[in-house]
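Encoded as structure tokens, the structure appears first; notes follow it.
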Amino acid sequence: MCGIVGYVGRQAAAPVLLEGLARLEYRGYDSAGVGVLAPSGVRVVKTAGRVRDLAALLPKRMAGRVGIAHTRWATHGAATDANAHPHSDESGRVLVVHNGILDNAAALRRRLVDEGVALTSETDSEVLAHLIARSSAETLEGAVLEALAAVEGTYGIAVLHADYPDRLVVARNGSPLILGIGEHEMHVASDLAALVRYTTQVVHLDDGELASVTADAFTTFGPDRSPTHKQPVTVDLDAADFDLGDHEHFMRKEILEQPVAAERVIRGRLDDRFATARLGGLEIDARQTREIDRVVILGCGSAHYVGQLGAGLIEELGRIPASAEPASEFRYRNPVIEARTLYVAVSQSGETADTLMAVKEVKRKGGRVIGLVNVVGSSIARECDGGVYLHAGPEVAVASTKALTNMALGFALLALHLGRVRDLSATDGARLLAGLRRLPDQIATVLEDEQAIAAVAKQLAEAESLFFVGRVRGYPVAREGAQKFKEISYRHAEAYQTSELKHGPLALISPSVPTVAVVPDDELLGRNVGALQEIAARGGPLVALTHPGADLGDVPVERIDVPKNEPELDPILLTIPAQLLAYHAALTLGHDIDKPRNLAKSVTVE
Ligand code: AGP
């Protein structure tokens, strides 16, 4: 949600910044801007629209070896040229890019106006440029500190000042900022995606930390100006992981990467000797594991739906009461934090503000929270007491796919581990290990059916409104299927428990409202087929995500068969065709699949 890039070094800054912006565009894409310190003074080019619109406006040669840039997802003020970042003070000598939300911006804007300042945007961020410019501190670092002392809220910022041409000053509080250490050059970004092309040596700033960055050095310090002595760490990422390659869309690339990604999350974690999963990062010993008497899973959006699937797995295999709740609601209901409850935060990006705040709420009240996170070193991963990395690799498409599959697998590993410390038999443990080993190849088998699934998707794309239904293990699959469909096709897709249809929603079933039903070949097959009959009787078109040989009776239904695994693991495979349905429906409708309207990858504001 918004992307920040900064550069100070020996190259021309503008092309480096533009390249970084293109890589961060998935973080927000309604406006973009670049500001550099040229020999002639500070130059800013910004516009509503995409990074490509910005690129078209930039002069061919834009001198200046220090600069900052931003791609925006609007919070305060519409997506207009004026609201795009960087923002400047009245003299145009101070530039600021900002991610996050300043809660007291309205009061600060009023104060500045009373003092005679002419504000040029509707944003909260602009106040920072004026506060820095008006500071009487003797250094840029001091001026930034003074300005930050006046604001309340969350921020990741990068500041450029014409009076300090050798440096950028950056700061973080609740919104990620990373330094990239190069050879006689330094990069700044809100996301590793913008850095890995230039360096693998990075420094993650912590909340409350600032950094002063010149071409050859950086210093990090706290709000009291005392140094924090951060050392660079090496990130294990390849720039090619962020490239589209031969694919038309990141979403399809990421869907197709799932067999390999799934293999990565289970690799080295299956323990045949004890028929369990080995999860070194959990940092909970067997005795502590036995003392857990409840599991609460916290995540947002699709991560919440996978969390629901995870809760089911933990109850089923671990026989521990487990539930999932949206992290976005958690801290606002003043939750009771129990000493014997294990809290699990689940997040692809590791930067979702709602989930991060839920983690902090648990910790503030003395609870234990572990993370299931994809991005190594991310805020949530660092805030948790331990956890399981998902190893899905970078995910760029806003609509999450491979990361969610690996989340589900992460939960399967966790559930197996908890189960085997408690009452799950070695026979069942071995059965699940075998199932997990089969899963990557079975995902590949589903993907081979892409063209047949695409044909079904084309029909579904015609419907203005559709249902996704599932029962018990199938319900989170239905929820995620509906979420994916609505995110990128903009069709109204609503998920229901199959059993709930007759309690109301059946009134909406008609020949123009199709239903995608999750119908695994399990102990509930008969009941599910009964519901299909009720839908068919009302003329509702039906698509079933099911298993080969599952007897769906004489119901007129379009089948999408996926390979059968173990009943507990089947939901993971049943989710894969739902991803392809959403992708191909959106393709049919001609939407911008990787950057759906109004959304952004990683929601770093509450
Ligand atoms: C998934 O397709 C969505 N873009 C969204 O619901 C996402 O899962 C949610 O915002 C949580 O993100 P996270 O996993 O990065 O925390």
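Only this structure's heavy atoms are used, side chains among them; waters, hydrogens and symmetry mates stay out. Each ligand, and each atom within it, is numbered from 1 in the order the structure gives. Since this is a predicted model, take the numbers as computed values, not measurements.
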Sole residue of Ile443, Thr575, Leu573 in side chain to side chain contact (heavy atoms under 4.5 Å, CB included) with Thr405: Ile443

NZ/NE/NH1/NH2 to OD/OE distance under 4.0 Å, Glu338 and Arg294: yes

Contact residues of ligand 1, where a non-hydrogen atom lies under 4.0 Å away: Cys300, Gly301, Ser302, Ala303, Ser347, Gln348, Ser349, Thr352, Val398, Ala399, Ser400, Met407, Gln483, Lys484, Glu487

Under-4.0 Å salt bridge between Arg333 and Glu329: no

Geometric cation-pi criterion, Arg172 with Tyr155: 6.0 Å, 45°: no

Geometric class of the Phe468/Phe485 ring pair [parallel <30°, tilted 30-60°, perpendicular >60°]: tilted

Arg252: partners by salt bridge (Lys or Arg N to Asp or Glu O under 4.0 Å), with sequence neighbours left out: Glu450

